Amino acid sequence: MILNSLNPAQQEAVRAPLGHQLVLAGAGSGKTRVLTHRLVWLVEVEKVSPFNILAVTFTNKAAHEMRSRIESLLQIPAKTLWIGTFHGLSHRLLRAHWQEAGLPQSFQILDSDDQYRMVRRVILTLNLDEDRFPPKEAQWFINAQKEEAREPHQVEPRDMNGQTMIKIYQAYQEACQRAGVIDFADLLLKTYKLLQSNDTLRAHYQDRFRCLLVDEFQDTNAIQYAWLKLLAGEENAVMIVGDDDQSIYGWRGARIENIQRFSKDFPGAKIIRLEQNYRSTGTILKAANALISQNSGRLGKNLWTEGKDGDLITVYAGFNETDEAFFIVNRIRELRQSEHSLREMAILYRSNAQSRVIEEALMQFGIPYRVYGGLRYFDRAEIKDALAYLRIIANRSDDPAFERIINTPTRGIGDRTLTVIRDHAKATGLTLWAALEQLLQQKFFTARTENALLAFVNLITSMTEKTLPLELHKQVEYVLFASGLMDHYRKEKGEKGLTRLENLEELVNAAHQFTQEGVPDDMPPIAAFLAYAALESSEEQAEAYEDCVQLMTLHSAKGLEFPVVFLAGCEEELFPHYLSMHDPKAIEEERRLCYVGVTRAMKKLYMTYAELRRMHGKEAYHRPSRFLHEIPAELIHEIRFRAKVSRPQPIASTFKPEAQGKFRIGQEVHHRIFGDGTVIDLEGDGDDMKVKVRFAKVGTKMLIASYLSAK
DNA sequence: ACCTTTGGTTTTTTT
DNA sequence: AACCAAAGGT
């Protein structure tokens, strides 16, 4: 095995004894190299069977990359290795032990969109006001509870609202159970509970996975940590790799503290720091180090390089966002002339909305570009429609799928009919499909409705029969036509309909490809394909041949590197984002995000900002980002083509006057018809003034002030 | 069933 | 501004 390609710290990590290891891997320090070499070391030197190794990552992309790198390093096929995401591995365990986990064999996975619909449905079924209990919040609540491994009965209610939230959570869980579906958080939670409560299984898997490796550990949340601890047991060796300075997913539950906790919970854990950077110039690293040193509570790390200092960091002060975009485009044109191809350059930004102006400028100069992110293939409406048919074929109980396709394409089953079915399902505790069948048997509907419903039932029944003997891609194809989805979208005019048709056709290809790459043989093909769609809807890869500038958010840039990086929109309110401005913890996360951005650059780094920017339809002046000031001035070369525009001192955030006329927010008021309520917002002033009031009885209304009286 | 209007938002993204 | 979802109208 070749170790001489590794530096001393990397070697130390790779050759570490079989115990707990915490590898703090700075940006560009060869983290993935260490991880893969460690795995190979375990197999070839420590003689651990690949069968006894579990490697966990966060994204499918990372899992695939690790697998392919290992395959090229290792002589034995890596097939026997368990490499995957937390969710993917959990899924595998649940499929293998569906009975023990109390799931139907054909259980399906709900994505967040499905989950939202399901939560909303539940709220309406409970006769709750969706304005008072917005589905989004309930969904957030449920996921947060699950991330803490709390089932409905384990949640401590804080207040009346909390009580209701728990009720929603409870009812949602029951609805999922009935429908035979589980959401993403459930994959982890159910696996955790299964291993926790089932001694035999836990012992089996603890015995099996002697070595555990976890990548991007700073992104783990509470349940993932608990999951890992359970599998590790007392005996097994755990190596985690992470970088507390690159933790940028706190907002979705990632616990940076897990890294610190690790040393306590896993006794004897040794810390190995990878600080030598092979990516960036000295200047860029100095800037990154200076920036991140402003954060508190770090584990501490200082990146260094043997390479040259390189160019200074260019900071450009644009007049407005268009000016900023043109500066970037001009630089790209120059760099393209001299030393860099387009694919070597990336434009990074804080929020997606920023891409538009930049795209327009790129287009004007005919520079090819590619925007990463956006709607993923399997998230598109037409694809989800098609998949919903497959889901119903595989599992009649799948209520979310039922709701989605009962009238898509339209077949004369309206809201009224659907409500009847829902009510009946609620009253009897049946699934929607079962409720429908029962109602049909009882001759409940008018002839016309009955025909429409019978047509639907027959369609699904015949689809199920007809697709049974077919190969997966033929099944998909059959469903697309038999369901009428193809015709439905063919009628949709304009380019949109055409794209949708193409997407649907592509689904047949995707299914075909899926079969050829080998369906896991312990699952029926449709179920396997659906799980793949929900869990591994990998974004389409950019064609490697295409030479274009890369546009993406800072978040999606994590893990990537580019010779030239433009970091656009370095202004207060935008970066750091105004929603993070009032929380020091959030500011630190923004700073880490900036750190991630800066350390993406190999040779040249440009940071740009606009003095005047149009945001949410309003023009606003912003100060340059604090992060720019945190980079030592001697590392920066500032360009400003325009004289500094004189401007008023910026006003911090959106200021709403306490009182306007006789009403203020929070005031108790009375209305002749609607009764008593509380003022929650004010708009306009004088005679035009409108007041938004939340009434005790009738909900929220916007009213002309003169119809209200103070209480 | 399809259209228009209104209102309410507006970070970041994976699974 | 621009987008989306829901409500209301035809």
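Chain letters run A, B, ... following the sequence lines, proteins first and then strands; every chain starts at 1. Keep in mind that this is a model prediction, so the values were computed, not measured.
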*Please identify each residue that fulfils salt bridge (charged side-chain N to carboxylate O under 4.0 Å, His left out) with A:R92, with sequence neighbours left out.*
none
*Among A:R404, A:Q108, A:R391, which one satisfies side chain to side chain donor-acceptor pair (under 3.5 Å) with A:D114?*
A:R391
*Which value, in whole Å, describes the distance between the P atoms of nucleotides C:dA5 and B:dT12?*
16 Å
_Please list, in numerical order, the residues of residues 180-190 of chain A that have a heavy atom closer than 4.0 Å to any atom of DNA chain B._
A:F184
*Do the rings of A:Y249 and A:W251 sit parallel, tilted or perpendicular, given the 30° and 60° boundaries?*
tilted
*Considering residues at least two apart in sequence or located in another chain, which fulfil the salt bridge (charged side-chain N to carboxylate O under 4.0 Å, His left out) criterion with A:D379?*
A:R376
Distances under 3.5 Å between protein N/O atoms and the N/O atoms of nucleotides 10-12 of chain B, please, pair by pair.
unit_1, atom_1, unit_2, atom_2, d
B:dT11, O4', A:H577, NE2, 3.3
B:dT11, O2, A:R350, NH1, 2.8
B:dT11, O2, A:R350, NH2, 2.3
B:dT12, OP1, A:N352, N, 2.8
B:dT12, OP1, A:N352, ND2, 3.2
B:dT12, O4', A:R350, NH2, 3.3
B:dT12, O2, A:W251, NE1, 3.4
B:dT12, O2, A:R350, NH2, 2.5
B:dT12, O2, A:H555, NE2, 3.4

_side chain to side chain donor-acceptor pair (under 3.5 Å) involving A:R252 - partner list, sequence neighbours excluded_ = none
*Going 5' to 3' through nucleotides 2-10 of chain C, assign each nucleotide B (protein heavy atom under 4.0 Å from a base atom), S (under 4.0 Å only from sugar-phosphate atoms) or - (no protein heavy atom that close).*
S---S----
*Give the nucleotide from the list B:dT15, C:dA1, B:dA1 with an atom nearest to the side chain of A:R376.*
B:dT15
*If you take all heavy atoms of A:Q294 and A:R591, which pair is closest and at what distance?*
CB-NE, 3.5 Å
*To the nearest angstrom, how far is A:E321 atom CD from C:dA1 atom P?*
13 Å
*For A:G414 and for A:S112, locate the closest nucleotide of DNA chain B by heavy-atom distance; then report the residue assigned to the nucleotide nearer the 5' terminus.*
A:G414
